[in-house]
Protein chains: 2
Amino acid sequence: MNISNQIIGKAQDLFFKYGLKSITMDDLARELGISKKTLYASFNNKQEIINIITVKLIEEHEQNCEKIEREADDAIQEVLIYINSLKSIFQQFNYKVIFEMKRYYSESWEIFKNYKNEFLTKRIKNNLNRGIKEGLYRNNINVEIISKLRIEQMQIASNATLFPSSNFNKKEVSRELFLQVLYGMSTIKGHYLINKYLEVNEA
Amino acid sequence: MNISNQIIGKAQDLFFKYGLKSITMDDLARELGISKKTLYASFNNKQEIINIITVKLIEEHEQNCEKIEREADDAIQEVLIYINSLKSIFQQFNYKVIFEMKRYYSESWEIFKNYKNEFLTKRIKNNLNRGIKEGLYRNNINVEIISKLRIEQMQIASNATLFPSSNFNKKEVSRELFLQVLYGMSTIKGHYLINKYLEVNEA
DNA sequence: AAAAAACTTTTTTAGTTCTTATAGTTTTTA
DNA sequence: TAAAAACTATAAGAACTAAAAAAGTTTTTT
């Protein structure tokens, strides 16, 4: 593995664990056992490293979504598989990282925001329209509103004010919210299908 | 009508229309056609006025909720009636007012936050448990998580970044989100009932 | 050739002062 | 007697400064 990839990998680990600001370029070099000189031979600056990680995660997420879309039998299964694959960027991009990115690394934030607004929204709308066509989602839902809700919902689980990690398990909250939104979009036919997939038996 | 009530009424109008900071005590006196001396004869300070309005709205909202709870035949009808009565505090307490309250009038903010955390949460949990008991809400929902979602959902509609008033009608967004969450909590039996109340016909 | 260390520059933060707006009080006027 | 006007005190915000930290560069050492 080449040096650039090693740096990116280690940086990603550290940034997610401790935040973007807390990890200095000195820290990063020390952790890698290399000098700052070598670090700066590969990358022009810290912002560039953060940009690259952002793009890398987005691309991974994008490919993951496309794969799931292709393999799922229907819109509901698509969402259910996605929930289970949830080591997603939204899990990793926790509130602290998002906050610091917004404030100090606006280039990366723009990349991320752009992704959310364009690709992700497109992906979600795709799923909504697929579900409506399949008769699994209510045909009277307002796609513009519900797609925004779905994007928002993904981040609510990471909101530590609302769901402090002392009282809530993030993975569980995330799953609960996903299912709640999924049921909310569904027709009765869709509702039956979710129950079948989840092996839930309503009295 | 006595002078104090007149002042509170006018203040409420102006604060909701223009924000808490924008309306000065001079503005308020001028609008009322009274002097500041008279104004300060009734109230000690601006904070007090804002506190009183906050408490007043909360009490009105509280009574409204209790009335609906009593009159509704079931948990779902309770929510549907509530949606229709939605000239609620959450509609009026828009983001700007909330923001200013948090920042400049922390006393009122504490009152409001306290209300949200205690009374409103209790009310929502009541409805959740009622619905579960009636077999209308899924019995596998996590009440702690979903009650927080319901409180959050009420404010999302007022989020101008997410739903700019240029593109979205606040009342419509609010209604859409409420219904989405209601469907999401419901069992198939509940789902049928919502459709009956709303006269929706799923193909 | 690359790590380590030393260095310079830039950015961030914390603390200070200055200004302005307005809350709240007092005086004047009708 | 209460409105209008004039006044004072206060608190938020802007602008500035100093200190600290960290980014980024260069030099020294192994």
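From a predicted model like this one, the values you see are computed outputs, not experimental measurements. Chain A is the first sequence line, chain B the second, and so forth, proteins listed ahead of strands; every chain is numbered from 1.
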Between atom [atom1] in [X] and atom [atom2] in [N], what is the gap in whole Å?
X	N	atom1	atom2	result
A:Asn45	C:dT8	CG	P	22 Å
A:Lys21	D:dA22	NZ	P	8 Å
B:Gln47	D:dA12	CD	C1'	15 Å
A:Leu32	C:dA3	CG	C1'	13 Å
A:Glu100	C:dT11	CD	P	18 Å
B:Leu20	C:dA23	CG	C1'	15 Å
B:Tyr104	C:dA23	OH	C1'	15 Å
B:Ile23	C:dA21	CD1	C1'	15 Å

Of all the nucleotides listed ([options]), which has the minimum atom distance to the side chain of [X]?
X	options	value
A:Thr24	C:dA23, D:dT26, D:dA23	D:dA23
A:Met25	C:dA23, D:dT27, D:dA23	D:dA23
B:Lys37	D:dA23, C:dA3, D:dA2	D:dA2
B:Thr38	D:dT25, D:dA3, C:dT25	D:dA3
B:Lys46	C:dA3, C:dG24, D:dA23	C:dG24
A:Tyr40	D:dA12, C:dA3, D:dG24	D:dG24

task: On the 0 to 90° scale, with breaks at 30° and 60°, tag the B:Trp109-B:Phe112 ring pair as parallel, tilted or perpendicular.
output: tilted
message: So for A:Lys36 and D:dG24, does any side-chain atom that can act as donor or acceptor lie under 3.5 Å from a complementary atom in the base?
response: yes
message: Can you tell me if B:Ser35 touches the phosphate of D:dA3, counting only side-chain N or O atoms and a distance under 4.0 Å to OP1 or OP2?
response: yes
query: Does NZ or CZ of A:Lys21 come closer than 6.0 Å to the centre of the six-membered ring of A:Tyr104, within 45° of the ring's axis?
result: yes
message: Can you confirm if the aromatic rings of B:His191 and B:Tyr137 lie within a centre distance of less than 6.0 Å?
response: no
statement: By nearest-nucleotide position on DNA chain C, the 5'-leaning member of A:Asp26 and A:Ile34 is A:Ile34
- request: Step through the shown structure and confirm whether more than 12 heavy atoms of other residues, nucleotides or ligands are within 6.0 Å of NZ on B:Lys133.
  value: no
- request: Go through the structure and list residues passing salt bridge (charged side-chain N to carboxylate O under 4.0 Å, His left out) with B:Asp26, not counting sequence neighbours.
  value: B:Lys36
